Amino acid sequence: MGEPIIKIENLCKVFGPNAKSVMTKVAEGISKDEIFSQTGHVVGLRNINMNINRGEIFVIMGLSGSGKSTLIRHFNRLIDPTEGKIIVDGLDVMGLGKKELEQFRRHRMSMVFQHFGLMPHRTVIENVAYGLMVQGIDKATRHEKAGGWLEAVGLSGYEAQYPSQLSGGQQQRVGLARALCTDADILLMDEAFSALDPLIRSEMQDQLIELQDRLHKTIIFITHDLDEALRIGDRIAILKDGELSQVGRPEEILLNPADDYVEAFVRDVNRARVLTADVVMQPPVCRLTTENLDEALRQMRGHKHDYGFVFEDEEYTDYKGFVTRELIENEIDQPGKNADLSDLAEEVFSVQPDASLEKILPTSLEQPYPVPVVGEDGEFHGVVSRKSMISILSEKDESKVG
Amino acid sequence: MATESWLTKFPEMERADLVAIRKGLDATYREFSRTYGDVIESLFNPLLKFLVWFEKLLLTSPWWLVIAVVVALVYMASRSWKLSFGVIVSFMLIGYFGMWDNTMRTMSIITVCTLLSIFMGIPVGIMMARSDRARSVVTPILDIMQTMPAFVYLIPVVMLLGIGKVPGVIAVVIYAIPPVIRLTNLGIRLVDKEVLEAATAYGASPSQRLWGVQLPLAMPTIMAGINQTIMMALAMVVIASMIGVKGLGQPVLKSITNQYFTMGLFNGLAIVALAIIFDRVSQAYAKRTQRHLGGMQDG
Ligand SMILES: Nc1ncnc2c1ncn2[C@@H]1O[C@H](COP(=O)(O)OP(=O)(O)OP(=O)(O)O)[C@@H](O)[C@H]1O
Ligand SMILES: [Mg+2]
C-alpha cells in the first residue's frame with residue numbers, strides 16, 4: 001500500500017464533434033451547463049488528478065451523470081480523453097498503439113459491468129474463459145482455469161448453462177469470475193452490484209472483500225451508494241459534475257466533508273456503523289508502569305482517576321490489563337505479601353482497531369471506564385471513551401446547525 | 001395578348017431539347033453497352049455457368065432424390081416432422097400437376113439469388129454499421145432500389161446483357177438485396193453496447209468483436225432480413241420471366257396474355273408453396289439456433 005499504480009493527471013473529457021475547441025472554455029472554468037448551452041458540447045470530466053495505490057479498493061462515488069462511468073472507461077481507454085495523462089505502472093496508456101492497447105487490456109485490466117455484459121450466445125464457462133480465448137489460449141487450458149474461478153465464486157455445476165438461465169446475482173458472479181480469470185492485477189467495476197437487490201448485493205460485497213483478502217488486486221469500484229462505498233472502500237473519491245470534490249479515507253470523508261455536496265452525501269450515514277475504534281481512540285490518561293501498589297495508587301490520585309491501564313514497559317506497548325483503585329486497596333488491606341501490579345491487572349472487554357462503534361457502544365455504556373483497543377497480537381493502540389464516541393456521533397447535528 | 005402564360009401552364013422545357021437529352025443519354029448508354037457489353041458479359045460468365053449447372057442438376061436428378069435431399073435439408077434446419085411432411089406433400093402435388101420442371105428452375109434461380117444477396121448484402125451491411133458515412137451513402141441507394149419500379153431497371157440491364165438468366169439474376173438481386181443489407185446494419189447497431197464494450201475491455205481485436213460478438217448477436221435480425229430477401233426474390237420471379245428467366249413465372253406471364261385463369265392459378269399456387277416452405281424453414285432455423293438468447297433481450 002502507498003505506492004501508486006495508476007496516476008491520472010489533468011484528465012479532461014469533452015463530448016461533442018469539436019471537443020478540442022471547447023478546451024479553452026473548460027480551462028477558464030466556465031460551468032458545464034453554460035458550455036453546453038453555448039457550444040452543445042458536454043463536459044464529461046474536468047481536470048481530474050488522482051493516484052490509485054497498489055492493492056487498494058478505490059471507490060469512485062457520485063450522483064447519476066457526475067462522470068463516474070466516463071472516468072472508469074478512461075483507465076482502459078474505452079473512452080479516449082480530450083486532454084490529460086493516464087499512467088499505469090509507469091506506462092503511458094495514451095501512448096499505446098492499437099495492438100499494444102489490446103495487449104494492455106488483455107493482461108493488465110479486467111472489467112465488471114453494471115448489467116453484467118455477458119455474452120448471451122456463450123455458455124457460462126465460455127463467458128468466464130472469454131478473456132483467455134481472446135488471448136488465443138487453447139480450449140482445454142482455458143476451460144480448466146475458468147472452471148476453477150467458477151468454483152471460487154460458488155457457481156460450479158453451471159458451466160453449460162446460458163447466462164439467461166441464471167439469476168442476476170449469479171450472472172454477476174460469472175462477470176466477476178470472467179474478470180478474475182485473466183489474472184489482470186487491476187479490476188474495474190462499474191456499478192457492479194447496483195443492479196442487484198439489497199440482500200444479494202451485500203452477499204456480493206462480502207464475497208468481493210473475501211476474494212480481495214486473498215488476491216490483493218487493485219480494485220476501482222464505482223457506486224452511487226455511500227454505504228457500499230464505506231463498506232468496501234479503502235479510499236473514496238467523490239465526483240461532482242465531472243470534477244473531483246474530495247478524495248480520502250472513509251472516515252476523512254465522513255468527518256471532514258470538503259464541501260456541501262459531499263456533506264449532503266454523508267449526512268444520512270449511520271456513523272456508528274462506519275466509524276471504527278481506531279478513528280476515535282485516544283491515548284489512555286492513566287497509564288501505570290510501576291510494580292509498587294502504593295506508587296500506583298499515588299499515580300492514580302495524581303490523574304484524578306479511579307482506574308488505570310497497566311503496562312510492563314515505559315513505551316506503553318506491552319499491555320497487561322486494567323485495575324481499579326478498589327482492587328489495589330483491597331490487595332493492600334490483605335495480610336501477607338502484596339501481589340505485583342501486573343498480576344493484579346485484569347483482562348477487561350477490549351476491541352480490535354477495526355471494530356465499528358456500533359459494536360463497542362452497548363458494552364461501553366455499561367462499564368464506567370474507557371474500552372481499550374488491542375490489536376491481534378496483543379499490542380495496545382489506545383482507548384475509546386464514552387465521551388469521545390458520543391461527541392463524534394453527535395457532531396453531524398452540530399455541523400448542520402453551523 | 002397571349003392566352004397562355006407561365007401562371008396557367010407549367011413552364012416546360014422545349015420539346016426538342018427534351019428529345020435531344022433522351023436521345024443523347026440513350027445513345028451514350030447504347031454506345032457504352034456496345035463497347036463494354038461483351039467484357040461485362042464475360043465477367044458474369046462464371047455465374048452463368050454455375051446457374052446452368054445448378055439448374056441442370058435439379059432437372060436431371062430423379063424427382064424422388066430431389067425431394068429426399070430437400071426434405072433432409074428442411075428437417076436439419078427445422079427439426080420438425082410436420083414441416084418436412086408438408087414439404088413432401090407440396091412437392092408431390094406440384095409434380096402431379098405437371099409443374100415439376102418449372103419449379104426446379106425457379107428453385108435454382110431463387111437459391112442462387114438468395115446466396116448472392118447474402119454474400120454481397122452482409123458485407124455491405126457490416127460496412128454500414130461500422131461507419132455513419134457509409135450508412136448515409138448506402139441508405140438512399142437502397143431507398144431507390146426498393147421504390148424504383150422493377151421494370152425501369154430491367155431496361156438498362158437488358159440493354160447491357162440482353163435477355164437471359166444473368167440479367168434475370170441481376171434484376172432479382174437488385175430487387176431483393178435491400179432487406180439483408182438494412183437488417184444486417186440494424187442488427188449490428190442494436191447489439192448491446194455493454195456486451196460489445198466487454199469484448200473490447202478484454203482486448204478483443206476488431207475482427208474478434210465482429211465474428212465473436214456482433215455477428216452472432218445480430219443473427220436473429222440478419223435472419224429476418226434473409227427471410228424477407230427470399231420472399232422478395234420469389235415475388236420478382238414473375239417479372240424476371242419477362243426477360244427470359246425460365247421457371248414458374250413464364251406460365252404465369254403466358255396466362256396473363258392469354259387469359260388462362262387455371263394455369264395462372266396453379267403456377268401461382270406453386271410459387272406460394274415455395275414461398276411458404278422457404279419462409280417456414282428459415283424461420284424455424286433462426287428460432288432454433290437463437291433459443292438461448294431468449295431472456296436476454298431485456299438485458
Ligand atoms: N457518449 C457521450 N456523448 C455525450 N455525452 C456523454 C456521453 N457519455 C456520457 N456523456 C455525458 O457525460 C456525463 C457523465 O456521464 P456518465 O455516464 O459518466 O455518468 P455516471 O456518473 O456514470 O452516471 P450513472 O450513475 O447514471 O451511470 C453526463 O452528463 C452524460 O450525459
Ligand atoms: Mg454510469
Side-chain angles (χ1 to χ4, degrees), chain A residues 69 72-73 75-79 98-124 126-136 160-168 171 174-175 178-179 181-182 184 186-191 195, chain B residues 77 122 126 129-136 183-184 186-226 284-299:
Chain A
S69 298
I72 204 172
R73 277 164 178 68
F75 292 109
N76 56 357
R77 274 185 63 191
L78 288 178
I79 296 179
K98 240 182 179 171
K99 284 285 153 200
E100 292 166 317
L101 183 60
E102 270 166 24
Q103 290 303 326
F104 173 79
R105 286 169 175 160
R106 285 175 192 181
H107 299 289
R108 292 308 309 270
M109 286 188 189
S110 49
M111 196 161 181
V112 184
F113 295 84
Q114 179 169 6
H115 301 289
F116 323 134
L118 299 178
M119 308 195 174
H121 59 299
R122 294 174 199 269
T123 58
V124 165
E126 285 167 348
N127 264 289
V128 175
Y130 183 76
L132 300 180
M133 191 207 77
V134 166
Q135 294 173 22
Q161 308 264 44
Y162 285 96
S164 60
Q165 297 169 295
L166 268 50
S167 74
Q171 290 190 36
V174 176
R178 172 174 69 178
C181 197
T182 61
I186 301 170
L187 216 59
L188 308 176
M189 304 181 77
D190 185 2
E191 305 216 22
Chain B
I122 290 181
I126 292 171
R130 302 206 136 187
S131 116
D132 287 338
R133 195 84 167 270
R135 180 174 63 165
S136 62
L183 288 170
T184 302
L186 184 70
I188 291 178
R189 282 177 187 265
L190 284 183
V191 167
D192 186 347
K193 204 177 139 268
E194 212 179 60
V195 175
L196 193 62
E197 221 172 25
T200 316
Y202 284 94
S205 65
S207 72
Q208 282 171 325
R209 281 202 300 264
L210 180 68
W211 293 102
V213 181
Q214 290 175 304
L215 283 181
L217 291 185
M219 228 358 122
T221 316
I222 296 177
M223 283 304 291
I226 291 176
Y285 175 72
K287 217 179 257 161
R288 199 167 61 75
T289 50
Q290 256 82 52
R291 215 171 16 210
H292 55 268
L293 296 180
M296 281 306 287
Q297 255 69 13
D298 51 8

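The figures that follow rest on heavy atoms only: side chains count, while hydrogens, waters and symmetry mates do not. Letters A, B, ... mirror the listed sequences (proteins, then strands); counts begin at 1. Every value quoted in this text rests on a predicted model; they were computed, and no experiment measured them.
- Not a single donor-acceptor pair under 3.5 Å links the side chain of B:Arg209 to the backbone N or O of B:Leu196.
- For chain B, no part of A:Ala195 is nearby; none of its heavy atoms comes within less than 4.5 Å.
- Between A:Lys99 and A:Glu102 there is a salt bridge, since at least one side-chain N of the basic residue sits less than 4.0 Å from a carboxylate O of the acidic one.
- Heavy atoms closer than 4.5 Å to chain B are found in the side chain of A:Thr182, but not in its backbone.
- The residue among A:Gln165, A:Lys98, A:Arg73, A:His107 with the most heavy atom pairs within less than 4.5 Å of chain B is A:Arg73.
- Neither the backbone nor the side chain of A:Gln161 comes within contact range of chain B; no heavy atom of the residue lies under 4.5 Å from a heavy atom of that chain.
- B:Gln214 places no side-chain N or O within 3.5 Å of a backbone atom of B:Val191 that could act as its donor or acceptor partner.
- Neither the backbone nor the side chain of A:Phe104 comes within contact range of chain B; no heavy atom of the residue lies under 4.5 Å from a heavy atom of that chain.
- Panel note: side chain A:Ser110, backbone A:Ala179; a donor-acceptor pair is recorded below 3.5 Å.
- Under the 3.5 Å distance criterion, the side-chain polar atoms of A:His121 are matched with a main-chain donor or acceptor of B:Gly212.
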